[in-house]
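What you see is a predicted model; the values in this text were computed from it and never measured.
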2 protein chains.
Amino acid sequence: MLNQKGTTNLFEIIAETNRRNIIDLLRTRPRSVGELVERSQLSQPGVSKHLRILREAGLVTISKDSQKHIYHLRAEPLVEIDNWLEPYRRFWSNKLDALEQFLDEEE
Amino acid sequence: MLNQKGTTNLFEIIAETNRRNIIDLLRTRPRSVGELVERSQLSQPGVSKHLRILREAGLVTISKDSQKHIYHLRAEPLVEIDNWLEPYRRFWSNKLDALEQFLDEEE
DNA sequence: AGGTTATATTACCATACGGTTATATAATGT
DNA sequence: ACATTATATAACCGTATGGTAATATAACCT
């Protein structure tokens, strides 16, 4: 999770299946920890552990409804993944016309 | 690397920094193992180990130039990452007009 | 206050991962 | 055939990861 410099790597964070599941669940709507536990294969501490990692990565935020902690998706950091992917899209995209391909290859 | 079903998870494969480096290096052009070793912080066996993983994931192919093994990028599998990312783009993209946003939210 | 509900943290464990050194394999050249 | 070059595999190791059970913390309710 942490590299030598002590910085988190977003790629590793989304590499974990259960974490992607949580992210996907929160895309529908904000949910309490309990809801996430119900919809996962994990124990409550297991879910809480992943939520902590997601929180520290800035991928979720918390609001509170009495005892319940409601987790909200904050997808913005994922733009980092999107940016990395950018130069690879032309390898599979068939939507690019010849001119666009040409311009891409000029860089 | 392998989940319960014995299938590889592409997200985990690209989570590793050295592997992303290799992929990025191969985007420029096909390269021999030796070239990749020069341009990485890894030993030759270290590079070969990652190349095996990339090969088994279908992200690289090999051609041979006498003793040299030339690795070529095959980016197509990355479309899986791109697809996962798809529904999250609207969270940071400011290119979407109001109608498009509305349609997205209808689903 | 005492009990219940909801979540977070701690302590622990088994396993997987990434790295290295040493060795095997294979093609080239003399 | 033998040495050299290039790469792959094997064996091994320390550490990080993800999971759980047990416990702590906190808010609610009567």
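Between E56(A) and R52(A), at least one side-chain N (NZ, or NE/NH1/NH2) sits under 4.0 Å from a carboxylate O, which counts as a salt bridge. By the 4.0 Å N-to-carboxylate-O rule, R31(A) lies too far from E38(A) to be salt-bridged with it. The residues K68(A) and E35(A) are annotated as not salt-bridged, no charged nitrogen and carboxylate oxygen being separated by less than 4.0 angstrom. The residues R89(B) and D82(B) are annotated as salt-bridged, a charged nitrogen and a carboxylate oxygen being separated by less than 4.0 angstrom.
Between the side chain of R27(A) and the main chain of L73(A), no donor-acceptor pair closer than 3.5 Å is present.
By the 4.5 Å heavy-atom criterion applied to side chains, P77(A) and R74(A) are counted as neighbours. The side-chain heavy atoms of S48(B) and V33(B), taken from C-beta on, include a pair separated by under 4.5 Å. Residues I62(A) and H72(A) fail the side-chain proximity criterion, which asks for heavy atoms closer than 4.5 Å.
The CD1 atom of I53(A) sits 11 Å away from the C1' atom of dA16(D) (whole-angstrom rounding). Rounded to whole Å, the distance from OH on Y71(B) to P on dT7(D) is 9 Å. For the pair I62(A) CD1 and dA6(C) P, the interatomic distance rounds to 17 Å; values are reported in whole Å. When rounded to the nearest whole Å, the span between CZ of F11(A) and C1' of dG18(C) equals 18 Å. If you measure from atom CD1 of I70(B) to atom P of dT7(D), you get 7 Å, rounded to the nearest angstrom. One atom, CD1 of I13(B), and another, C1' of dA16(C), lie 14 Å apart when rounded to the nearest Å. One interatomic measurement links the two molecules: CZ of R20(B) to P of dG18(C), which rounds to 12 Å at whole-angstrom precision. Atom CD1 of I22(B) and atom C1' of dG19(C) are 13 Å apart (whole Å).
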N/O to N/O distances under 3.5 Å, protein versus nucleotides 19-25 of chain D:
residue: dG19(D); atom: OP1; partner: N18(A); partner atom: ND2; Å: 2.5
residue: dG19(D); atom: OP2; partner: H50(A); partner atom: NE2; Å: 2.4
residue: dG19(D); atom: N7; partner: K49(A); partner atom: NZ; Å: 2.9
residue: dG19(D); atom: O6; partner: K49(A); partner atom: NZ; Å: 2.4
residue: dT20(D); atom: OP2; partner: S43(A); partner atom: N; Å: 3.4
residue: dT20(D); atom: OP2; partner: S43(A); partner atom: OG; Å: 2.8

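Within the structure, every side-chain polar atom (N or O) of R52(A) is placed at least 4.0 Å from both OP1 and OP2 of dT7(C).
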(message) Base contacts versus sugar-phosphate-only contacts with protein, heavy atoms under 4.0 Å: please encode nucleotides 24-30 of chain C as B, S and - from 5' to 3'.
(response) ---SS--

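Taking the side chain of R55(A) as heavy atoms from C-beta on, and the options dG18(D), dT7(C), dT9(C), the nearest nucleotide is dT9(C).
Minimum heavy-atom separation, I14(A) to I23(A): CG2-CD1, 4.3 Å.
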